[in-house]
Every structure is written in C-alpha cells, then in structure tokens.
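The residues of the chain are indexed from 1 along the displayed sequence. For the numbers below, each heavy atom of this structure counts, side chains included, while hydrogens, waters and symmetry mates do not. Here the structure is a predicted model, which is why all the values come from computation and not from measurement.
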Amino acid sequence: MEKELDLQKIREQLDQVDSQLVELFEQRMKLCGDVAEYKRKSKKPIFDPEREKQKRFAVRSLAKTPFNEIAVDEMFAQLMTISRRYQYQQLGTAKSRISEGFRLVECLPTAGVKVVYQGVEGAYSHEATRKFFGQQVNAYHVPSWEEAMEDVAAGKAAYAVLPIENSSAGAIIDNYDLLLKYDNYIVGETEVVVNHALLGLLQAKLSDIRTVYSHPQGLIQCQEFLSTHREWKQVSVENTAMAAKQVAQENDVTQAAIASETAGALYGLTALERSINHNRNNTTRFIILAKEPLYRLDAKKVSVCFEAPHVSGSLYNMLGHFIYNHVNLVMIQSRPILERNWEYRFFVDIEGTLQDGKVQNALLGIEHEAVNLRILGNY
C-alpha cells in the first residue's frame with residue numbers, strides 16, 4: 001500500500017533546505033566580495049564571459065535529470081548575474097566613478113547667452129524657451145532640430161531647446177537620434193501644455209476648409225477631431241507655428257492650421273475651433289542642451305543611452321542593475337541601430353544625481369556589461 005504523503009512534513013523539509021540554501025548563498029556572496037577585491041587590485045574586469053560559460057557547463061553536468069539540467073543552468077546564470085552586481089557595488093564603494101568630465105554648478109550660466117529653438121515665433125518650442133529662460137531671453141530660431149544642435153556644438157548658441165516627448169503622441173524619435181549624433185548634453189527640461197486650435201483667416205468659416213497644415217505630432221494629437229472631417233487634406237510641415245504663418249501668407253480661405261492660439265494671434269488668424277486635441281492634459285516635454293556637461297545641485301534625473309549585447313536576457317541584466325541599487329527607472333525608449341539590423345539602442349531616464357553612490361554603482365555595472373554607455377545628462 002502506497003504511503004500517504006504528509007504535506008505539512010514536506011513543507012517543513014523544504015523550509016530546512018531553503019534555510020541551508022540561504023546560508024550557502026551568503027557564503028557564496030562573501031567569496032564574491034573577495035573576488036571583487038582581488039580583481040580591483042589586479043585591475044581585472046568583473047565580467048568574464050568565458051569563465052561563466054565554463055561554470056554553467058560544469059554545473060549542468062551535475063544535474064540528474066534533463067529538467068534539472070535546464071533549471072540548474074538558469075539558476076547559476078542568475079547567481080553569476082547577482083554576483084557581478086555585488087562586485088560592481090564593491091567597486092563603486094571603492095570610489096570608482098564613470099562621470100568624469102561632468103561639472104557640478106549651483107545654477108546654469110544664462111546671463112547674456114544665446115538660445116536657439118526650431119520653428120518660428122509662436123511655436124511651442126518658442127514658448128518652452130521663454131518658460132525656461134524667461135520672457136527676455138535672447139533667442140533665435142532655425143528651420144530644423146538638427147540645425148539647433150549644430151549651432152550649440154559649434155558654439156553659436158549656448159543652449160538649444162528641443163521637444164523630446166509628448167504625453168499623447170509619445171517620443172519624438174528623431175531627436176533621440178540627434179542626442180547621439182552630437183556631443184551636446186542635457187542640462188535641463190521644461191514642460192508646455194499643448195492646447196491646439198484650428199486657425200483660419202479672419203473671414204473663413206469652418207465649412208470653407210479643405211486643407212489643414214500642422215506638424216505631424218499636431219495632426220496625431222488632433223485625430224479625433226480630424227476624423228469628423230475626413231474630406232480635409234492633412235499636410236505635414238516642420239512646425240505648428242510655421243503652419244499658421246503659411247496659412248496667413250497664402251491668404252487662402254480654404255486653408256487652416258493646427259497650432260496654438262498664441263501663434264494665431266501673432267499671424268493674424270482666428271480660431272475656428274478651440275481645444276481640438278483629444279487629450280486635454282496634453283503636454284510636451286522639452287530638453288535643454290548645452291555643449292558642456294554641467295549638472296546643477298538640484299538635479300533629479302539622469303539620462304543615459306546604451307547598447308545591450310545581442311544575446312538572450314541582456315536587456316534584463318542591464319535593467320537589473322537599477323533594481324539591485326534601488327534606482328527608480330522612469331522612462332525607457334528603444335531605437336534601431338541603423339548599421340545593424342534588429343539590434344537596438346536603449347535610452348533610459350532614472351531618478352537621481354551623479355553624486356549619488358547608488359546611481360554610480362548602477363551605471364558602473366551597465367558600463368562594464370553594455371556594448372557602450374553614454375551619459376546624456378543630469379538635470
């Protein structure tokens with residue numbers, strides 16, 4: 001007769017095994033600390049992929065069943081990942097820093113400087129510029145986001161103001177690519193509430209409209225309204241305020257622009273419909289860029305970009321460094337690497353400052369395991 005199993009006794013035995021596992025795990029981590037100290041003194045890298053490969057092969061051979069072989073391999077993969085994270089923390093405690101070149105300042109130098117933004121007067125970028133730097137800012141505009149970045153890189157302007165994401169339409173992906181193309185740094189950010197209106201000539205009526213101009217993001221943000229006028233042709237232009245300017249200049253009663261009422265007033269247009277963006281809390285976040293890597297005493301966010309190795313689980317391992325160092329991740333955005341199909345760069349925003357040891361430890365771990373890591377700014 002088969003002996004009846006006692007679940008409570010089985011659980012008691014599991015508790016004993018688990019207690020032993022925890023004790024052995026802590027012994028292992030102490031040894032990992034010794035390894036970190038040895039590698040620090042000998043200047044050997046923490047990550048040794050060949051050693052890890054050999055170790056996982058060895059422990060798989062100790063398992064007694066095919067299922068356990070796979071499970072043991074997975075368990076030791078995680079154990080070695082945890083070991084690396086602990087060793088990186090030990091290195092961080094030993095004052096190893098990856099933010100050399102960044103300079104801490106009490107406030108950004110703004111007296112007498114030039115600021116560049118994309119578009120024309122009345123654009124949301126213009127509004128963001130005046131919100132961050134004040135109404136009397138010495139600002140000028142250029143036709144494209146890239147020209148704004150070029151002017152900062154060349155020293156023609158001290159700062160550039162670029163939109164980076166919208167709460168309705170999402171990331172402005174072209175500007176993520178520009179962050180890598182130019183050696184400029186994010187030193188600040190500001191937000192502007194987007195309130196789009198349908199702008200037309202003073203004599204125009206809603207029934208006259210046949211063509212609507214706006215920035216692609218503006219068209220996306222007003223799709224619910226535009227879907228009720230499917231007969232209208234939608235045309236993308238470089239900027240919402242530029243759309244308003246174009247409608248005013250062409251003086252065609254059948255044309256309208258989606259832009260702010262501020263832009264409408266500037267170019268002599270009237271609002272045929274107000275607040276046409278479907279998200280009434282629609283907000284665009286703008287970043288402030290400078291040539292020099294500065295960060296203020298009150299900085300609260302760090303932006304970084306890295307490429308993860310093109311192997312299974314690599315992104316998980318990268319993000320794990322934030323978890324183990326209690327660093328809050330607030331945004332992640334991926335962009336394809338043009339020269340390598342199906343491989344991606346990741347843009348990440350985290351809470352904290354480069355003075356924070358936890359942030360340093362997390363970034364140190366990523367730096368050692370990523371294909372590359374670039375700190376885009378602390379602001």
Taking the side chain as every heavy atom from C-beta outward, state whether [X] and [Y] have any atom pair closer than 4.5 Å.
X: I332; Y: L319; answer: yes
X: V142; Y: K156; answer: no
X: I258; Y: L226; answer: yes
X: D252; Y: Q246; answer: no
X: K181; Y: E146; answer: yes
X: Q223; Y: Q234; answer: yes
X: K39; Y: P45; answer: no
X: L272; Y: K205; answer: no

Hey, mind stepping through V115 and V161 against side-chain contact (heavy atoms from CB on, under 4.5 Å) and telling me if it holds? CA-CA 8 Å; V115 181; V161 180; 3.8 Å; yes
Polar side chain donor-acceptor pair, [X] to [Y], under 3.5 angstrom:
X: Y182; Y: E150; answer: yes
X: E37; Y: Q90; answer: no
X: Y324; Y: Q89; answer: no
X: N279; Y: Q221; answer: no
X: Q87; Y: S83; answer: yes
X: S144; Y: E147; answer: yes

Taking atom [atom1] of [X] as the centre, report whether more than 12 heavy atoms of other residues, nucleotides or ligands fall under 6.0 Å from it.
X: Y316; atom1: OH; value: no
X: E106; atom1: CD; value: no
X: R280; atom1: CZ; value: yes
X: Q203; atom1: CD; value: yes
X: R230; atom1: CZ; value: no

Restricting to non-hydrogen atoms, name the atom on [X] and the atom on [Y] that form the minimum distance, rounded to 0.1 Å.
X: V327; Y: E351; result: CG1-O, 3.8 Å
X: A256; Y: L198; result: CB-CD1, 3.7 Å
X: L266; Y: G122; result: CD2-N, 3.8 Å
X: S61; Y: A58; result: OG-O, 2.5 Å
X: V359; Y: G352; result: CG2-CA, 4.1 Å
X: H321; Y: N317; result: CD2-O, 3.3 Å

Rounded to the nearest 0.5 Å, how far does [atom2] of [Y] lie from [atom1] of [X]?
X: S125; Y: W145; atom1: OG; atom2: CH2; result: 7.5 Å
X: F306; Y: I375; atom1: CZ; atom2: CD1; result: 12.5 Å
X: C305; Y: L376; atom1: SG; atom2: CG; result: 6.0 Å
X: I288; Y: I164; atom1: CD1; atom2: CD1; result: 11.5 Å
X: N251; Y: L202; atom1: CG; atom2: CG; result: 9.5 Å
X: Y176; Y: I287; atom1: OH; atom2: CD1; result: 7.5 Å

Please report the C-alpha distance between T353 and N378 in whole Å, then the side-chain angles of each, then the deciding distance to 0.1 Å, and finally whether the side chain to side chain donor-acceptor pair (under 3.5 Å) criterion is met. CA-CA 6 Å; T353 172; N378 186 193; 3.2 Å; yes
Check the pair W342 / I337 against side-chain contact (heavy atoms from CB on, under 4.5 Å), numbers first and verdict last. CA-CA 8 Å; W342 319 122; I337 301 173; over 6 Å; no
Applying the side chain to side chain contact (heavy atoms under 4.5 Å, CB included) test to L162, which of I186, I172, N175, V152 qualifies?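 Result: among I186, I172, N175, V152, N175 is the only option passing the side chain to side chain contact (heavy atoms under 4.5 Å, CB included) with L162.
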Please state whether the rings of [X] and [Y] are parallel, tilted or perpendicular, taking 30° and 60° as the class boundaries.
X: F102; Y: Y185; result: perpendicular
X: Y117; Y: H126; result: parallel
X: W232; Y: H229; result: parallel

Side-chain ion pair, [X] and [Y], N-O less than 4.0 Å:
X: D151; Y: K291; value: no
X: E292; Y: R103; value: yes
X: R345; Y: E307; value: yes
X: R274; Y: E261; value: yes
X: R285; Y: D349; value: yes
X: E189; Y: K301; value: yes
X: E191; Y: K131; value: no
X: R296; Y: D298; value: yes

Any sub-3.5 Å donor-acceptor pair from [X]'s side-chain atoms to [Y]'s backbone N or O?
X: R374; Y: L179; value: yes
X: N277; Y: G218; value: no
X: Y379; Y: L289; value: no

Pair F133 and Y159, ring centroids less than 6.0 Å apart: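 Yes, the ring of F133 comes within the 6.0 Å limit of the ring of Y159, centre to centre.
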In this structure, is the centre-to-centre distance between the rings of H278 and F225 below 6.0 Å?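 Not close enough - the centres of the two rings lie 6.0 Å or further apart.
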Qualifying salt bridge (Lys or Arg N to Asp or Glu O under 4.0 Å) pairs, either residue in residues 70-87, two or more places apart: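 Passing the test, one end in residues 70-87: E52-R84, R56-D73, R60-D73, R84-E369.
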Any chance you could lay out the side-chain contact (heavy atoms from CB on, under 4.5 Å) test for K44 and Y38, step after step, and finish with the verdict? CA-CA 8 Å; K44 287 190 174 183; Y38 173 83; 4.0 Å; yes
Would Q217 and N166 count as a side chain to side chain donor-acceptor pair (under 3.5 Å) if you check the C-alpha gap in whole Å, the side-chain angles of each, and the deciding distance to 0.1 Å? CA-CA 8 Å; Q217 292 277 333; N166 176 267; 5.4 Å; no
Show, in sequence, the C-alpha distance, side-chain angles and deciding distance for K9 and E12, and conclude whether the salt bridge (Lys or Arg N to Asp or Glu O under 4.0 Å) test is met. CA-CA 5 Å; K9 287 185 177 180; E12 289 174 358; over 6 Å; no
F25 vs L79, test: side-chain contact (heavy atoms from CB on, under 4.5 Å). Steps then yes/no. CA-CA 9 Å; F25 173 77; L79 277 175; 3.7 Å; yes
S236: which residues meet the side-chain hydrogen bond (donor to acceptor under 3.5 Å, both in side chains) condition with it, sequence neighbours left out?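 So S236 forms no side-chain hydrogen bond (donor to acceptor under 3.5 Å, both in side chains) with any residue.
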